[in-house]
Amino acid sequence: MPYLLLALTTGMVVFQDIMKKTYNARAHGAPTSVFGFNIVFTIVCALFYLLLGGFDVTLSASSVPYMIAFGLTFAGSITFGILMINNGSLALTSLVLSYSLLIPALVGVVFLGEPFRLVTGVGVVLLVVSILLMNLKPREGKEEGVRITKKWVFFAIACFLCNGLCSAVQKLFIRFTGGGERYGMSFYAMLIGLVLFVILFLFAKQEHDWKLQLRGLPFMALNGTANSLSNALIMYLTETMNGVILYPVISVGSIIIAGIVGRLFFGEKLSRLQLIGYLIGAGAVLLLNL
């Protein structure tokens with residue numbers, strides 16, 4: 001049963017990106033569509049955390065700084081994550097998101113006294129090699145891979161930082177508060193994100209396509225549901241399964257599935273160098289999770 005839930009969790013991690021990319025194909029990357037998507041997404045997540053917490057969302061003063069930091073970094077993560085998918089490859093987006101686990105790992109070493117192990121160092125080196133290979137341009141006459149633009153690189157760096165810091169905040173919150181108020185903290189963090197997205201939606205310099213927003217509701221709601229369920233399942237599996245198995249399988253499994261889905265359904269084709277870098281990146285993520 002745990003392994004079935006593990007497979008389901010891994011699939012839902014990728015499913016979220018599929019919903020984003022499918023919606024973007026209909027929205028043509030309009031800024032208001034991104035913020036509209038995020039509004040519904042955060043509402044669904046907030047309701048889910050409210051249910052998980054048994055409608056008890058009391059929060060002590062010590063949890064407030066974590067709540068604010070989590071809300072802001074989470075909002076940045078999902079916004080730049082969507083913009084990455086809108087402007088590039090599903091497979092490479094999934095890989096960059098997995099790279100961001102390097103940040104909570106380093107936070108653990110620097111601030112929590114966790115040991116810096118050899119496998120972590122090897123993983124960092126492989127990560128750098130992977131990034132270099134995926135950004136090398138093929139020689140003239142050689143095969144073309146997925147185009148990596150300056151805009152995509154900017155979104156990738158921003159998403160890497162926001163997603164990594166978001167995970168780091170969660171780690172510090174559990175370490176220093178015990179995590180007993182995690183559902184209340186997450187609920188209010190979603191409200192912070194919701195307020196930000198509503199403001200951005202209202203002040204975006206484009207006319208709102210309300211028909212598009214309504215047609216996109218199923219994608220928005222499904223994405224929020226998948227995100228909430230995957231997070232809940234991960235929290236459950238951490239108590240029933242060895243972390244040495246859990247995190248590597250989810251991270252590397254989602255990378256592989258995203259690559260397959262991107263190739264079969266979205267026509268994404270990596271060059272040989274990018275493919276080698278992609279596989280080395282998956283290996284780096286595996287080592288960083290061990």
Side-chain angles (χ1 to χ4, degrees), residues 6-21 73-74 76-85 87-109 117 119-135 146 148 152-153 155-171 223 226-227 230-231 233-234 237-238 243-263 266 268 270 274-290:
L6 179 59
L8 179 63
T9 304
T10 305
M12 281 195 292
V13 169
V14 181
F15 180 74
Q16 296 172 56
D17 291 336
I18 295 173
M19 289 296 97
K20 294 171 188 173
K21 195 167 184 73
T73 54
F74 183 84
S77 174
I78 62 173
T79 299
F80 289 116
I82 291 177
L83 292 172
M84 278 178 68
I85 293 174
N87 293 274
S89 162
L90 177 68
L92 297 187
T93 296
S94 178
L95 191 61
V96 169
L97 286 170
S98 295
Y99 283 168
S100 66
L101 63 88
L102 178 63
I103 293 179
L106 291 177
V107 166
V109 172
R117 298 173 300 162
V119 290
T120 304
V122 174
V124 172
V125 173
L126 290 179
L127 187 152
V128 173
V129 172
S130 169
I131 293 173
L132 291 174
L133 287 174
M134 287 189 297
N135 282 277
V146 173
I148 297 178
W152 186 87
V153 170
F155 293 145
I157 293 172
C159 186
F160 171 85
L161 292 173
C162 289
N163 198 63
L165 289 172
C166 183
S167 298
V169 169
Q170 287 179 303
K171 185 171 188 172
N223 185 71
N227 179 274
S230 61
N231 286 337
L233 283 172
I234 289 172
L237 289 171
T238 54
V244 174
I245 297 174
L246 175 62
Y247 296 108
V249 168
I250 292 175
S251 296
V252 179
S254 62
I255 290 171
I256 293 172
I257 295 172
I260 295 171
V261 170
R263 182 71 183 95
F266 298 104
E268 298 174 357
L270 303 178
Q274 286 178 328
L275 181 58
I276 293 171
Y278 182 77
L279 294 174
I280 290 175
V285 171
L286 177 62
L287 291 176
L288 290 169
N289 271 286
L290 293 177

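For reference, positions follow the sequence shown, starting with 1. What you see below is based on every heavy atom in this structure, not just the backbone, and it leaves out hydrogens, waters and symmetry mates. Treat the numbers as computed from the prediction; the structure is a model and nothing was measured.
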All side chain to side chain donor-acceptor pair (under 3.5 Å) counterparts of Asp17, not counting sequence neighbours:
none
Could you give the distance from CG (Leu95) to CG (Leu127), rounded to the nearest 0.5 Å?
8.0 Å
CZ of Phe155 to CD1 of Ile85, rounded to nearest 0.5 Å, is 12.5 Å
Less than 4.5 Å apart, any side-chain heavy atom of Lys20 and any of Thr93?
no
Return the minimal non-hydrogen interatomic distance between Ser94 and Ser254, and the atom names on each side.
OG-O, 3.6 Å
Exactly one of Leu287, Val285, Leu286 clears side chain to side chain contact (heavy atoms under 4.5 Å, CB included) with Leu126, and that residue is Leu287
Would you give the length of the straight line joining atom CG of Leu90 to atom CD1 of Ile18, rounded to the nearest 0.5 angstrom?
6.5 Å
From Ile276 CD1 over to Ile280 CD1, what is the distance, rounded to the nearest 0.5 angstrom?
7.0 Å
Val96 meets the side chain to side chain contact (heavy atoms under 4.5 Å, CB included) criterion, sequence neighbours left out, with Met84, Trp152, Ala156, Phe160
List in chain and number order the residues that pass side chain to side chain donor-acceptor pair (under 3.5 Å) with Gln170, two or more places apart in sequence or in another chain; answer none if no residue qualifies.
none
Minimal non-hydrogen separation, Phe80 against Cys162, with atom names
CD1-SG, 4.2 Å
How would you list, by chain and number, every residue that makes a side chain to side chain contact (heavy atoms under 4.5 Å, CB included) with Ala282, sequence neighbours excluded?
Val252, Ile255
Residues forming a side chain to side chain donor-acceptor pair (under 3.5 Å) with Thr73, sequence neighbours excluded
none
Name all residues meeting the side chain to side chain contact (heavy atoms under 4.5 Å, CB included) criterion together with Asn163; count only those two or more places apart in sequence or in a different chain, and write none if there are none.
Ser77, Leu97, Ser100
Measure across Gly253 and Thr10 and return the closest heavy-atom pair with its distance rounded to 0.1 Å.
C-CG2, 3.6 Å
Pro104 to Gly164 - nearest heavy-atom pair and separation
CD-O, 3.5 Å
Taking side chain to side chain contact (heavy atoms under 4.5 Å, CB included) as the definition, give me every residue that meets it alongside Val124, ordered by chain and number, with sequence neighbours left out.
Leu102, Leu288
CD1-CG distance between Ile82 and Asn223, expressed to the nearest 0.5 angstrom:
7.0 Å
Does Asn227 have any side chain to side chain donor-acceptor pair (under 3.5 Å) partners at least two apart in sequence or in another chain, and if so, which?
Gln16, Asn231
Point-to-point distance, once rounded to the nearest 0.5 Å, from OG of Ser230 to CZ of Phe15:
11.0 Å
